[in-house]
Amino acid sequence: MDFIEELRWRGMIHDMTPGTEEQLSKEITAGYIGYDPTSDSLHIGNLASIMMLVHLQRAGHKPFALVGGATGMIGDPSGKSEERNLLDETTLRHNQEGIKKQLEKFLDFSHGHNAAEMVNNFDWIKEFSFLQFLRDVGKHITVNYMMAKDSVKKRMESGSGISFTEFSYQLVQGYDFCWLFEHKGVKLQMGGSDQWGNIVTGTELIRRKLGGEAYALTCPLITKADGGKFGKSESGNVWLDPVKTSPYSFYQFWLNTTDADAAEYIKKFTLLSKAEIDLLIRQHQEAPHLRMLQKALARDITIRVHSEEDYQAAVEASEILFGKGTTETLKKLTEDTLLAVFEGVPKSEMAKSEITKSLDIVEFLTDFTHIFPSKGEARRMLKEGGVQINKEKAGEGFSITANLLLNGKYLLVQKGKKNYFLVKVV
RNA sequence: GGGGAGAUACCAGAGCGGUCAAAUGGGGCAGACUGUAAAUCUGUUGGCGCAGCCUUCGGAGGUUCGAAUCCUUCUCUCCCCA
């Protein structure tokens with residue numbers, strides 16, 4: 001399999017330095033991508049770059065994942081309008097561990113000559129003295145060169161300016177590439193298109209300092225058809241960590257992809273072959289309501305990031321929640337199934353004594369379960385018909401009574417179409 | 001250092017003594033339509049015991065029967081000149 005060809009038909013190439021393709025077809029090449037340890041979990045915004053490493057490894061090359069322990073302490077000005085907060089070392093180490101575990105689901109770190117490797121730039125930068133850095137690295141790159149970068153230019157023009165620390169970021173990242181080139185034989189750095197400037201500083205540094213030839217390859221930033229930011233749901237980032245984003249929500253996120261985006265995402269985020277994808281796209285066009293594309297996309301990613309069982313559970317839950325599920329089917333569920341189905345759904349608890357007589361729905365939705373932040377909002381949505389209890393519309397004046405309980409102790413509350421809450425009454 | 005402009009709800013941005021819980025647009029949320037899509041249309045978007053009341057227009061004071069609107073002062077932002 002040809003790496004560049006593979007990326008090309010998947011639409012994952014934005015730009016690359018001349019000679020990159022020749023280098024990759026000439027020999028087994030080591031390439032790396034850096035990850036920011038700002039959290040102990042990666043999110044789906046990192047997915048495209050992870051897939052680049054996966055393709056690299058599948059094509060027989062050697063992938064390196066660099067955790068930016070040192071660079072993470074500085075903050076990349078690319079794409080950020082504001083100066084970043086600095087993290088301390090303990091947090092960084094903790095975050096790196098989490099990230100490594102997640103990358104292991106995608107990359108083979110232990111088998112063969114092209115096993116993936118993880119490195120942490122903190123390890124080679126922490127001992128570097130400031131003076132030494134200035135002499136060994138700073139000497140090779142002019143300020144003029146650094147200022148010409150878009151990321152820097154933008155910040156210079158903006159009112160808030162750029163600190164010396166963030167200004168130096170590209171040098172530190174450039175040095176990483178240089179170090180990996182020298183010590184690990186890494187000749188390629190990849191990343192999102194916003195990383196182009198930083199990466200090229202690295203190849204430049206390698207040329208001037210070591211007289212070596214290194215390459216850059218970037219992929220286009222993932223976009224959404226409606227112009228919104230990719231990777232955010234109403235509740236924020238979509239994480240790979242099942243604790244931060246439940247497998248159910250994760251599956252739902254992909255399932256809700258719009259048609260226009262699905263065809264693009266399936267190429268970038270799955271390993272399905274061109275033939276398989278073309279077929280899916282064709283099938284989808286013939287019968288769009290079946291949403292073959294979204295289903296295939298959600299299935300593939302959920303299984304890889306989580307597991308087959310998590311995927312099955314998510315599908316099952318989705319069918320009960322969005323399928324023909326009625327109050328009747330809900331009532332038939334055993335307690336175990338019920339809990340399994342609502343695994344990823346927010347839960348709250350309240351005392352049974354509160355509903356022995358009957359409880360006004362507004363109070364139930366606010367004071368007791370906090371599903372709504374205010375009574376005004378709860379009333380408004382009740383009026384609009386946006387609240388359902390056990391899959392039946394509830395209006396103003398609806399009362400919660402004990403005979404509504406599923407399995408004698410649960411209530412399923414629905415806010416709008418897609419937001420579910422399970423209330424346990426004990 | 002000198003001069004000027006400004007700070008309004010999630011954001012942008014009107015209002016410039018009462019009729020302002022505050023125009024308009026965007027965003028958010030919900031409803032209809034659908035395919036848990038897109039587009040479209042509609043409603044809604046400070047709180048509450050909701051035909052009424054309470055807390056909001058950078059902070060603190062003041063004038064007034066009455067202030068987002070006027071005055072004083074503080075903080076912060078932007079622009080121009082040096």
Answer yes or no: is there a donor N or O on one side and an acceptor on the other, between the side chain of [X] and the main chain of [Y], under 3.5 Å?
{"X": "Asn46(A)", "Y": "His43(A)", "value": "yes"}
{"X": "Asp40(A)", "Y": "His94(A)", "value": "no"}
{"X": "Gln189(A)", "Y": "Leu217(A)", "value": "no"}
{"X": "Lys347(A)", "Y": "Val345(A)", "value": "yes"}
{"X": "Glu377(A)", "Y": "Phe372(A)", "value": "no"}
{"X": "Arg299(A)", "Y": "Tyr251(A)", "value": "no"}
{"X": "Asp176(A)", "Y": "Asn121(A)", "value": "no"}
{"X": "Ser193(A)", "Y": "Pro220(A)", "value": "no"}

Interatomic distance, [X] [atom1] vs [N] [atom2] [rounded to whole Å]:
{"X": "Leu321(A)", "N": "rU36(B)", "atom1": "CG", "atom2": "C1'", "result": "10 Å"}
{"X": "Lys393(A)", "N": "rA30(B)", "atom1": "NZ", "atom2": "P", "result": "12 Å"}
{"X": "Asn419(A)", "N": "rC29(B)", "atom1": "CG", "atom2": "C1'", "result": "10 Å"}
{"X": "Gln414(A)", "N": "rA30(B)", "atom1": "CD", "atom2": "P", "result": "11 Å"}
{"X": "Leu255(A)", "N": "rA38(B)", "atom1": "CG", "atom2": "P", "result": "12 Å"}
{"X": "Glu363(A)", "N": "rC48(B)", "atom1": "CD", "atom2": "P", "result": "12 Å"}
{"X": "Phe372(A)", "N": "rC48(B)", "atom1": "CZ", "atom2": "C1'", "result": "17 Å"}
{"X": "Asn256(A)", "N": "rU34(B)", "atom1": "CG", "atom2": "C1'", "result": "14 Å"}

*asked:* At a heavy-atom distance below 4.0 Å, what parts of residues 373-389 of chain A sit against RNA chain B?
replied: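 Listed by number, they are Ser374(A), Lys375(A), Gly376(A), Arg379(A), Arg380(A), Met381(A), Glu384(A), Gly385(A), Gly386(A).
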
_Strand-adjacent residues in residues 292-316 of chain A, judged by heavy atoms under 4.0 Å from RNA chain B_ =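 Those residues whose heavy atoms fall under 4.0 Å from RNA chain B, taken from residues 292-316 of chain A in numerical order, are Gln294(A).
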
Opposite nucleotide pairing with [N], Watson-Crick or G-U, both atom distances under 3.5 Å:
{"N": "rG43(B)", "result": "rC29(B)"}
{"N": "rA51(B)", "result": "none"}
{"N": "rA22(B)", "result": "none"}
{"N": "rC76(B)", "result": "rG6(B)"}

*asked:* With a cut-off of less than 4.0 Å, is there a side-chain N or O of Lys224(A) near OP1 or OP2 of rA37(B)?
replied: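 Answer is no, no contact under 4.0 Å.
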
_On RNA chain B, compare the nucleotides closest to Arg291(A) and Lys415(A); which residue's is nearer the 5' end?_
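Looking at the nearest nucleotide for each, Lys415(A) comes out on the 5' side.
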
_Taking the basic N atoms (NZ, or NE/NH1/NH2) and the acidic carboxylate oxygens, is any pair closer than 4.0 Å for Arg10(A) and Glu6(A)?_
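Looking at Glu6(A) together with Arg10(A), the answer is yes, because their closest N to O distance falls below 4.0 Å.
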
